[in-house]
Amino acid sequence: MEFSVFSIAAVFLSSLVAAMGLGGGTVLLLYLSFFSTLSQPQMQSLNLLLFLPAAALSLFFHWKNKLISFSLLKPCIPGGIIGGILGSVLANMLEPDLLRKAFGLFLLVIGLRELLCCLFPVFKKFSQSKA
């Protein structure tokens, strides 16, 4: 993968979004899926390099501000471990090119859904205020 202004901007945007807890890894993976020649394991490694420090910092601040519900963590941790193992097994069974394209498409659909869900209340409020 070549470094360019576009690549640096994508990593910067991903880091900024990740720091706010808004899915910076998703932005990075979407960029890598469509605009790079990296393999799926390389993309996952890069995503972890971005995600782990952002997640650790977020966890610290949420813990400090007493925003973590430890009763919810108990069922989430085993679910996350089981889901991670099953996802890893499934990912190793699929062809890397198919997995890469399917994941990129999945991220695009989820991103568009989130964008529309965010903008819909704004449009609704705007249309009501004109009436």
Under the side chain to side chain donor-acceptor pair (under 3.5 Å) test, residues paired with Gln42 that sit two or more places apart: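 If we apply the side chain to side chain donor-acceptor pair (under 3.5 Å) test to Gln42, skipping adjacent residues, the hits are Ser39.
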Tell me every residue that passes side chain to side chain donor-acceptor pair (under 3.5 Å) with Asp97, counting only those two or more places apart in sequence or in another chain. Lys101
Sequence neighbours excluded, which residues qualify as side-chain contact (heavy atoms from CB on, under 4.5 Å) partners of Leu116? none
Residues forming a side-chain contact (heavy atoms from CB on, under 4.5 Å) with Leu99, sequence neighbours excluded: Gln40, Ala91, Leu94
Filter on side chain to side chain donor-acceptor pair (under 3.5 Å), then keep only pairs touching residues 60-75, sequence neighbours left out; what's left?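 Those involving residues 60-75 are Ser69-Ser71.
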Using 0.5 Å steps for rounding, measure from the [atom1] atom of [X] to the [atom2] atom of [Y].
X	Y	atom1	atom2	answer
Leu107	Tyr31	CG	OH	15.0 Å
Ile85	Leu90	CD1	CG	14.0 Å
Leu30	Leu105	CG	CG	10.0 Å
Leu67	Phe61	CG	CZ	12.0 Å
Leu98	Phe103	CG	CZ	13.5 Å

Exceeds 12 heavy-atom contacts within 6.0 angstrom, atom CZ of Phe106: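 Counting neighbours around CZ of Phe106, 12 or fewer heavy atoms of other residues, nucleotides or ligands fall under 6.0 Å, so no.
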Nearest heavy-atom contact between Ile68 and Leu73 is CG2-CD1, 3.8 Å
Any idea which heavy atoms bring Met43 and Ser36 closest together, and the distance?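 Heavy atoms of Met43 and Ser36 come nearest at SD-OG, 4.5 Å.
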Linking directly or through intermediates, with side-chain heavy atoms under 4.5 Å: list the remaining ILVMFWY members grouped with Leu86, chain and number order. Ile82
When hydrophobic residues are tied together by side-chain contacts of less than 4.5 Å, even through go-betweens, does Leu72 share a cluster with Ile81?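 Leu72 does not cluster with Ile81.
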